[in-house]
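Along the sequence shown, residues carry numbers from 1.
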Amino acid sequence: MNNLTQSMTTLTTKYAGFWLRMAAYLLDYVIVFAISFVLAFIVFFAIGISKPGIADESILMIDALVNLLLSVGTWLYFAIMESSSIQGTLGKKIVGIKVTDLHGNPISFWRATGRNFSKLFSALIFLVGFMMAGFTEKKQALHDMIAGCLVVKRNL
């Protein structure tokens, strides 16, 4: 892409700001929480947690298993959805935004994975990494910058 085309693309791109992204995240949180709750319920009762006399160690092991499944499931939800043809999670689709690379192209599963795990850095610095989306030129959060991604409004 030459400089003129890239400049024109930048001028017409509408970046998704902090509040729109926050709304998408809250919707995704509700979706992931609901699925997680059902999954945890199934795992706890399928293993037999309701039986009297189950050892505390068994409960801790089951809890660790559920947390592992939830962590892997959350990672896969974000990585698969953001690297799919939808280019975003269900929450992002509902609010009308999508994830792209710096040139507006869909991202790969591995870039989506990197973006997802980079959110740890955004969170570890007192959530400032997330708030950066409200102040940077292209409305990028820290994890977007690390992964080389943009979150933009969908063309209607």
- Query: Heavy-atom distance under 4.5 Å between the side chains of Gln140 and Ile146, does that happen here?
  - Reply: no
- Assess Lys119 against Phe78: is NZ or CZ under 6.0 Å from the centre of the six-membered ring, and within 45 degrees of the ring's axis? yes
- Note on the structure: For residues 87-99, the side chain to side chain donor-acceptor pair (under 3.5 Å) pairs (sequence neighbours left out) are Asp28-Thr89, Glu82-Lys92
- Item | Smallest separation among heavy atoms of Lys139 and Gly17, with atom names | CD-CA, 3.3 Å
- Message: Please determine whether residues Phe117 and Val72 belong to a single hydrophobic cluster, defined as Ile, Leu, Val, Met, Phe, Trp and Tyr linked transitively by side-chain heavy-atom distances below 4.5 Å.
- Response: yes
Listed pairs under 3.5 Å, donor-acceptor, residues 122-132 side chains, sequence neighbours left out:
unit_1: Ser122; atom_1: OG; unit_2: His143; atom_2: N; d: 3.3
unit_1: Ser122; atom_1: OG; unit_2: His143; atom_2: ND1; d: 2.9

- Ser71: side-chain contact (heavy atoms from CB on, under 4.5 Å) partners, not counting sequence neighbours: none
- Query: Can you tell me how far the OG1 atom of Thr74 sits from the CZ atom of Phe33, to the nearest 0.5 Å?
  - Reply: 12.0 Å
- Message: As an exercise, state the distance from CG of Asn105 to CG of Leu150, rounded to the nearest 0.5 Å.
- Response: 10.5 Å
- How far apart are the closest heavy atoms of Ala112 and Ala79, and which atoms are they? CB-O, 3.6 Å
- Whichever hydrophobic residues join Ile94 through chains of side-chain contacts under 4.5 Å: Leu20, Leu27, Val95, Ile97, Val99, Ile107, Val151
- Applied to residues 38-47, the side chain to side chain donor-acceptor pair (under 3.5 Å) test, sequence neighbours excluded, yields none
- Message: Rounded at 0.5 Å granularity, tell me how far CZ in Phe18 sits from OG1 in Thr136.
- Response: 12.0 Å
- Message: Around atom OH of Tyr25, are there more than 12 heavy atoms from other residues, nucleotides or ligands closer than 6.0 Å?
- Response: no
- Message: For the OH atom of Tyr15 and the OG1 atom of Thr100, what is their distance to the nearest 0.5 Å?
- Response: 8.5 Å
- What pairs with Phe121 under ring pair (Phe, Tyr, Trp, His ring centres under 6.0 Å), at least two apart in sequence or on another chain? none
- Query: side-chain contact (heavy atoms from CB on, under 4.5 Å) with Ile42: which residues, sequence neighbours excluded?
  - Reply: Val38
- Item | Results of salt bridge (charged side-chain N to carboxylate O under 4.0 Å, His left out) for Arg21 - residues two or more places apart only | Asp144
- Using side chain to side chain donor-acceptor pair (under 3.5 Å) as the criterion, list what pairs up with Thr113, not counting sequence neighbours. Trp75
- Query: Among all residues two or more places apart in sequence or in another chain, which pass the side-chain contact (heavy atoms from CB on, under 4.5 Å) test with Ser108?
  - Reply: Trp110, Arg111
- Item | Hydrophobic cluster identity match, Leu90 and Tyr29, side-chain contacts under 4.5 Å | no
- Message: Under the rule for side-chain contact (heavy atoms from CB on, under 4.5 Å), what residues qualify as partners of Ile80, not counting sequence neighbours?
- Response: Leu76, Phe109
- For Phe135, which fellow cluster members are found when Ile, Leu, Val, Met, Phe, Trp and Tyr are connected by side-chain heavy-atom distances below 4.5 angstrom, either directly or through intermediates? none
- Task: Please report the C-alpha distance between Ile35 and Tyr77 in whole Å, then the side-chain angles of each, then the deciding distance to 0.1 Å, and finally whether the side chain to side chain contact (heavy atoms under 4.5 Å, CB included) criterion is met.
- Result: CA-CA 11 Å; Ile35 293 168; Tyr77 169 73; 5.9 Å; no
